[in-house]
Amino acid sequence: MSILKITLIVCIFASDRSLSVRKKFPCGPGNACACKCDKQEKVSMDCEGRGNLKLSEICVSIGNMTSLKAGRNNFGNLTALDLKGCENLAEIYFNFNQIAHIEREIFQDFRHLHLLDLSRNLLQVYFKGWDASFLPKNLHTLKINGNPIPDNANFPNLDSQYYLNKLISDGVSNKALNVSRLAYLSLSGLNLQTTCQLIRINNETFSLSNSLKVLNISDCGVISITAGAFEHLHSLEVLDLSYNRQLELWSLVNITYGLQFTRIRFLNISNLVSRFSSGKQIKLPHTCYLWNTTVEDVDLSGNMIDMVETNSFILTPPSLQILRINQNKFRFGPYVLQFGCLGNVTAVFLSYQNHGYNPLIYVAENSKRYSGPTEELYQMECPFCNVSFLKEYANRTRDCTFIENGVLDLFHLKLPVRMERIIANDCALTFKINYKYYFNPENSSMRYVDISGNIVESFTGYIGNLPMLETLNMSRCYTSSIGQTSLNYISLKTLRLAHNDIGAQLADSKRSNIFNMLPSLQDLDLSSNGITVLFTSTFKELVNLRHLDLSNNNIEHFDVNINTLSHLLQLNLEINSIHTLKKEVRRKLEANENDRSKFSINLQKNSLTYDCNNQEFLHWLIQHKANMVGFRGYIFISSDEKSITCDKMMTDLDRLESRCKSYVAVIIVGVLALATFLSLIIGGVIYRYRWRIRYFMYMSKKRFFGYHILPDYTVIQNYKYDAFVSYAEDNIRFILDDVIP
Ligand SMILES: *[C@@H]1O[C@H](CO)[C@@H](O)[C@H](O)[C@H]1NC(C)=O
Ligand SMILES: *[C@@H]1O[C@H](CO)[C@@H](O)[C@H](O)[C@H]1NC(C)=O
Ligand SMILES: *[C@@H]1O[C@H](CO)[C@@H](O)[C@H](O)[C@H]1NC(C)=O
Ligand SMILES: *[C@@H]1O[C@H](CO)[C@@H](O)[C@H](O)[C@H]1NC(C)=O
Ligand SMILES: *[C@@H]1O[C@H](CO)[C@@H](O)[C@H](O)[C@H]1NC(C)=O
Ligand SMILES: *[C@@H]1O[C@H](CO)[C@@H](O)[C@H](O)[C@H]1NC(C)=O
Ligand SMILES: *[C@@H]1O[C@H](CO)[C@@H](O)[C@H](O)[C@H]1NC(C)=O
Ligand SMILES: *[C@@H]1O[C@H](CO)[C@@H](O)[C@H](O)[C@H]1NC(C)=O
Ligand SMILES: *[C@@H]1O[C@H](CO)[C@@H](O)[C@H](O)[C@H]1NC(C)=O
Ligand SMILES: *[C@@H]1O[C@H](CO)[C@@H](O)[C@H](O)[C@H]1NC(C)=O
Ligand SMILES: *[C@@H]1O[C@H](CO)[C@@H](O)[C@H](O)[C@H]1NC(C)=O
Ligand SMILES: *[C@@H]1O[C@H](CO)[C@@H](O)[C@H](O)[C@H]1NC(C)=O
């Protein structure tokens, strides 16, 4: 009991203090479980897979938890005593517990229980005569999938469950599912614990489920569907038929027929063909009835579609907004010229064309194969398919033309006026954009284009009439050449060019000005482009740039003039060879800061120089460490080529400073001492040999000139004699006989 009190205190405390923080703490018998306070004061106890726990012990310690997860515990049959104490729970998860029998009165005191998970047990829910009356009255959601399915199985009669709204069950037969109040029914075999075998769906199958809003029968082994199958589901909004791989595209005739009478919004008809079938074609009758539905979002992915019959696009439902056609095999055909017929479509997803498959899947899928009905069995006369209707309807739709006798107008490729997003990444399509192409209409609403993961080696032309384009993603396109005027999009805010090859072009001063026509650009990603040199003026016109990503290049000097970039706040230079950042760059980033946003730099994995010359920068780094992304991971290289961690740098920097200071002193003193020493030596030598030196000088002068010119006699008049001769007594004869004459 003391444990219980503690958990309560913690929980109240947690929910009082910070409602948004999820607080976890141990709880339950012997603190074996984990409790969690959720946002809306929902408190849940997780005792899943705890081995030897007894349900009765859990229920004694449950306190005022609202949710109990107790799956995978081997509880076995349930009696009323087991659940004593759990009466206030709102959610119970008893999945995978070997429960074969549940006592009749067990839930009679449960007033709040609205979710009960009994999936993966041994209950006889699909046996004839199974009685559901033991279930609590307020139940809103029930999971019974993964219980044993006998031959001749029946769908359980849950009519006593007045409030039951959501059911997750196995799909045991196509006999009428008597669930008239359900809004949500999932029989999906994609959930691995569920077995779904509906095989043939006819007008009986859902005839007693007319409240359904969501029907999930994906991966249910369906091989045929009759036209009336969904006719009664007047409230149906979401239908998931994906992964029924024997249906084939032609079953869409019968599928879409019934949907005319529903309120369908989302239709998932992806993966309706075998992964190993050859190319499929969408034909007019397949989707004809779809035009008369209210569908807004259709998923046709993974259907091996390589061609669309000409004029099929004319019957695009006016309500359709999103078209998903990923993982197909589209080839070029006249239908491409009828994109304009897509009417109100705002987004097209067509990624992963030419997708590769794992061969091991073949084994798994092939074993399940048995063939469904052929195309002939889906013949129906669709009233919207007739030529006069198509012509008239095309005429009513802007930018949509009926193609007759193969007459094509290749020069007016049209985009639907409302189209805002095209996502066509990783299609491995190879093309060059060396021409100028202008889509119609001129005021296209296109905002977002993602063609990353294709092969566009050169983009020197121009794709035009996209005045609203805000995001262009051309990453991973092997692009090595971009024209000076190719990137000319007045509203472009985000440009992703990561993982391309434009480093060489940017290093060529004549060709590097490719960003001069993007006045609105805020976010430029040039990571992984083999950039080594950046010219000072490359980015100067990007006056609205906020975020520049140059990571994963080989830049050594970031000598870019950013004085015009008054909004630049985020600079990513991770994984380059940067040694330092110029003062101008730093000052500008500081100046760009405002109250709402601080600047940030990422200099991880560079070779920042750690020496006396770079001290100012190092101090600046530490001073602005809050602005440095991953600062603790920065690496510094000292003058002796050793790498130094960030922590070491911070503790050592003061010492570096004093080391640098003492170097200066040592040098000055040394120079002075040397000078003094040398002058003393030289002075001494000169003094010691002063006469010799004089003599030597005279002699050398004499040797050079031969004689010594005396100054002008007129100036110096106080000479009495011209010469004075001194001699030794012995040499008197020489003087008298030789010198004087
Ligand atoms: C738990 O229950 C007690 C009384 O039963 C109540 O006072 C308290 O507010 C409850 N706490 C939470 C978090 O619901
Ligand atoms: C559980 O209930 C089933 C069906 O009522 C019964 O056959 C089985 O013996 C029970 N198991 C135990 C352990 O009581
Ligand atoms: C559906 O269930 C209701 C209530 O139990 C019952 O009256 C009705 O006969 C059932 N319908 C069918 C077709 O089984
Ligand atoms: C249908 O159920 C599967 C398996 O639970 C799930 O993955 C899928 O998202 C569901 N579809 C819809 C439309 O909810
Ligand atoms: C189902 O279709 C058959 C023949 O098409 C028809 O006789 C029967 O009345 C239909 N059942 C329902 C419930 O619509
Ligand atoms: C398609 O629906 C029509 C009309 O209900 C039916 O005759 C035909 O058999 C259905 N096709 C298949 C293969 O169920
Ligand atoms: C179009 O659908 C409506 C129901 O929404 C239906 O009444 C009408 O018959 C359908 N039109 C045609 C030509 O089938
Ligand atoms: C459609 O179903 C497939 C397979 O279940 C799933 O992968 C896909 O996400 C679904 N589409 C949407 C839009 O949910
Ligand atoms: C687009 O939708 C509007 C109503 O939302 C409709 O009137 C119009 O016909 C649709 N346009 C096309 C081309 O389908
Ligand atoms: C085509 O359909 C329209 C209206 O749905 C109808 O008036 C016309 O007769 C049909 N034409 C042909 C050739 O079937
Ligand atoms: C298209 O519509 C216009 C008037 O809206 C009409 O003059 C013209 O004949 C129509 N063209 C066709 C091929 O129906
Ligand atoms: C595009 O321009 C045409 C006239 O040229 C106008 O009718 C239409 O409403 C415009 N569409 C958008 C989405 O601005």
Side-chain angles (χ1 to χ4, degrees), residues 174 198-207 210 217 220-237 239 241 244 246-265 267 272-273 284-298 311-323 338-348 370-386 388-402 414-420 440-441 443-445:
N174 66 337
L198 290 181
I199 318 296
R200 288 172 207 282
I201 295 180
N202 55 35
N203 62 353
E204 302 283 327
T205 314
F206 299 110
S207 59
N210 35 24
I217 44 174
C220 276
V222 182
I223 64 169
S224 77
I225 293 183
T226 61
F230 305 118
E231 205 172 351
H232 310 285
L233 306 179
H234 299 303
S235 313
L236 191 67
E237 292 176 9
L239 175 61
L241 269 167
N244 287 296
Q246 280 90 49
L247 274 176
E248 298 284 348
L249 290 182
W250 48 64
S251 68
L252 289 176
V253 179
N254 278 12
I255 293 169
T256 54
Y257 173 81
L259 294 180
Q260 295 180 105
F261 309 96
T262 66
R263 293 198 207 153
I264 191 79
R265 286 188 294 110
L267 177 61
L272 297 187
V273 305
L284 250 172
H286 296 166
T287 55
C288 177
Y289 288 108
L290 205 59
W291 182 79
N292 195 26
T293 67
T294 53
V295 71
E296 291 165 11
D297 185 348
V298 171
N311 294 327
S312 297
F313 278 164
I314 295 174
L315 286 184
T316 304
S319 50
L320 192 67
Q321 289 169 13
I322 301 176
L323 180 60
Q338 292 182 310
F339 272 146
C341 302
L342 290 178
N344 284 335
V345 174
T346 57
V348 175
Y370 42 107
S371 53
T374 54
E375 181 154 22
E376 293 72 49
L377 288 166
Y378 285 103
Q379 293 303 323
M380 257 203 292
E381 204 54 52
C382 174
F384 314 113
C385 280
N386 88 39
S388 53
F389 179 82
L390 288 174
K391 272 190 189 168
E392 195 210 310
Y393 191 65
N395 196 21
R396 270 194 276 154
T397 311
R398 236 190 115 209
D399 298 314
C400 181
T401 40
F402 183 84
K414 293 184 176 122
L415 283 176
V417 198
R418 304 202 183 181
M419 182 84 83
E420 289 179 5
N440 288 330
N443 58 354
S444 134
S445 322

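When reading the values below, keep in mind they use all heavy atoms of this one structure, side chains included, and skip hydrogens, waters and symmetry mates. When a ligand or atom number is given, it counts from 1 through the structure's own listing order.
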Looking only at non-hydrogen atoms, find the nearest pair between [X] and [Y] and report the distance.
X	Y	answer
T262	L233	CG2-O, 3.1 Å
P416	F339	CG-O, 3.1 Å
S319	V295	OG-O, 2.7 Å
K414	D399	CD-O, 3.4 Å

**OP:** Pull out every atom of ligand 7 sitting under 4.0 Å from any heavy atom of P383, numbered as shown with elements.
**Re:** 13 (C)
Subject >> Selected option - heavy-atom contact closest to atom 11 (N) of ligand 9, from N344, D399, T316, L342 >> reply: N344
**OP:** May I ask which of Y257, W291, F384, F261 has a heavy atom nearer to atom 13 (C) of ligand 7 than the others do?
**Re:** F384
[X]-ligand 6 polar pair, N/O distance under 3.5 Å:
X	result
M380	no
S224	no
A227	yes

**OP:** Mind telling me whether F230 and F206 have parallel, tilted or perpendicular rings, with 30° and 60° as the class edges?
**Re:** parallel
**OP:** Measure the acute angle between the ring planes of F261 and Y257, then classify it against the limits of 30° and 60° as parallel, tilted or perpendicular.
**Re:** perpendicular
**OP:** Would you kindly specify which portion of I225 sits under 4.0 Å from ligand 6, judged on non-hydrogen atoms: side chain, backbone, both or neither?
**Re:** backbone
What protein heavy atom lies closest to [atom]? Include the residue and the distance to one decimal.
atom	result
atom 1 (C) of ligand 7	N292 ND2, 1.4 Å
atom 14 (O) of ligand 7	Q260 OE1, 3.5 Å
atom 6 (C) of ligand 6	N254 ND2, 4.2 Å

**OP:** For P373, counting its heavy atoms only, list the atoms of ligand 6 lying under 4.0 Å from any of them.
**Re:** 13 (C)
Subject >> T397: numbered ligand 9 atoms lying under 4.0 Å from its heavy atoms >> reply: 13 (C)
**OP:** From the options N311, T316, T401, select the one residue that forms a side-chain hydrogen bond (donor to acceptor under 3.5 Å, both in side chains) with Q338.
**Re:** N311
**OP:** Using protein heavy atoms only, decide if any is under 4.0 Å from atom 9 (O) of ligand 9.
**Re:** no
Original post:
CE/M380 to OG1/T256 distance, rounded to the nearest 0.5 angstrom?
Top reply: 7.0 Å
Subject >> Euclidean distance, E420 CD relative to S445 OG, rounded to 0.5 Å >> reply: 6.0 Å
Original post:
Of the backbone atoms (N, CA, C, O) and the side-chain heavy atoms from C-beta on, which set of Y289 has a member under 4.0 Å from an atom of ligand 7: side chain, backbone, both, or neither?
Top reply: neither
